[in-house]
Amino acid sequence: MRYFLMSLFLAAADLGSKEAVKKYIPAGKKKQLGNRLYLWHIKNKGLAYNKFDDRRKVVLASSSAATCAVALYLIHLLKIGAKPLDKIGAALILGGGMGNLAERIKKGEVTDFIYIKAGKLPIFNIADMFAAAGGMIVVIRSLFR
């Protein structure tokens with residue numbers, strides 16, 4: 001249960017960060033925070049790099065399916081008594097997925113706002129960071145089993 005609560009907390013933190021960005025930075029505008037770090041408020045109707053931005057139903061269905069699959073995976077990990085780090089990885093992915101999915105359902109788009117000027121990195125949000133960190137944990141843990 002604590003891992004699902006962790007996921008809910010992470011999703012809430014993500015949604016709160018997006019609301020703060022919407023309040024203080026108009027869409028399309030950016031603020032430089034460091035040499036290569038920006039807060040750049042954009043709307044993303046698709047997936048990464050705005051892929052499928054004209055296919056709202058496909059994006060919503062795939063996001064919903066992926067989030068449900070991770071929730072089922074976390075339930076499986078709880079049932080088999082997996083190591084805490086395995087459950088934390090899944091909880092991070094789930095929290096990130098829930099944050100983006102909630103906004104996608106409510107507004108039809110996701111707010112992205114963190115930009116690191118290096119190569120072709122996308123603009124992303126806190127939910128993306130949680131999901132990426134969880135994914136790294138899951139992959140690294142699977143390599144060392």
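Computation of the quantities below employed the complete heavy-atom set of this structure, encompassing side-chain atoms and omitting hydrogens, waters and symmetry-equivalent molecules. All residue numbers refer to positions in the sequence shown, counting from 1.
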For the pair Y38 and Y115, name the ring-plane relationship: parallel under 30°, tilted 30 to 60°, perpendicular over 60°. tilted
Return each pair, listed once, that meets side chain to side chain donor-acceptor pair (under 3.5 Å) where at least one residue sits in residues 82-94; pairs must be two or more places apart or across chains. D86-R141, D86-R145
Applying side chain to side chain donor-acceptor pair (under 3.5 Å) as the test, list every pair that has at least one member in residues 123-137; sequence neighbours left out. N100-N125, N100-D128, D112-N125
Taking only residues two or more places apart in sequence or in another chain, which ones pass side-chain hydrogen bond (donor to acceptor under 3.5 Å, both in side chains) with E19? K22
Taking only residues two or more places apart in sequence, or in another chain, which ones meet T111 in a side-chain hydrogen bond (donor to acceptor under 3.5 Å, both in side chains)? K43, E103
Sequence neighbours excluded, which residues qualify as side-chain contact (heavy atoms from CB on, under 4.5 Å) partners of [X]?
{"X": "L94", "value": "F4, S7, T67, V70, A71, L74, M98"}
{"X": "S17", "value": "D14, F113, I126"}
{"X": "S62", "value": "none"}
{"X": "L10", "value": "M6, L92, F130"}

Please write out which residues are connected to M136 in a hydrophobic cluster, directly or through intermediates, given that two of Ile, Leu, Val, Met, Phe, Trp, Tyr count as joined at side-chain heavy-atom separations below 4.5 angstrom. none
Apart from L143 itself, which Ile, Leu, Val, Met, Phe, Trp or Tyr residues share its cluster (side-chain heavy atoms under 4.5 Å, direct or through members)? V139, I140, F144
Which heavy-atom pair separates [X] from [Y] by the least distance, and what is that distance?
{"X": "L85", "Y": "I137", "result": "O-CG2, 3.4 Å"}
{"X": "L101", "Y": "S64", "result": "CD1-OG, 3.5 Å"}
{"X": "A11", "Y": "G99", "result": "CB-N, 3.7 Å"}

Do [X] and [Y] belong to the same hydrophobic cluster, where Ile, Leu, Val, Met, Phe, Trp and Tyr are linked whenever their side-chain heavy atoms lie under 4.5 Å apart, directly or via other members?
{"X": "V110", "Y": "I105", "value": "no"}
{"X": "I88", "Y": "L72", "value": "yes"}
{"X": "V58", "Y": "L60", "value": "no"}

For R36 and K117, indicate whether the former's side chain and the latter's backbone hold a donor-acceptor pair under 3.5 Å. yes
Straight-line distance of [X] [atom1] to [Y] [atom2], nearest 0.5 Å:
{"X": "I114", "Y": "I123", "atom1": "CD1", "atom2": "CD1", "value": "10.5 Å"}
{"X": "K45", "Y": "K107", "atom1": "NZ", "atom2": "NZ", "value": "13.0 Å"}
{"X": "R56", "Y": "S63", "atom1": "CZ", "atom2": "OG", "value": "10.5 Å"}

Using a 3.5 Å cut-off and no angle test, enumerate the donor-acceptor pairs between side-chain atoms of residues 24-33 and protein atoms at least two apart in sequence or in another chain.
| from | atom 1 | to | atom 2 | distance (Å) |
| --- | --- | --- | --- | --- |
| Q32 | NE2 | G34 | O | 2.8 |
| Q32 | NE2 | N35 | O | 3.4 |

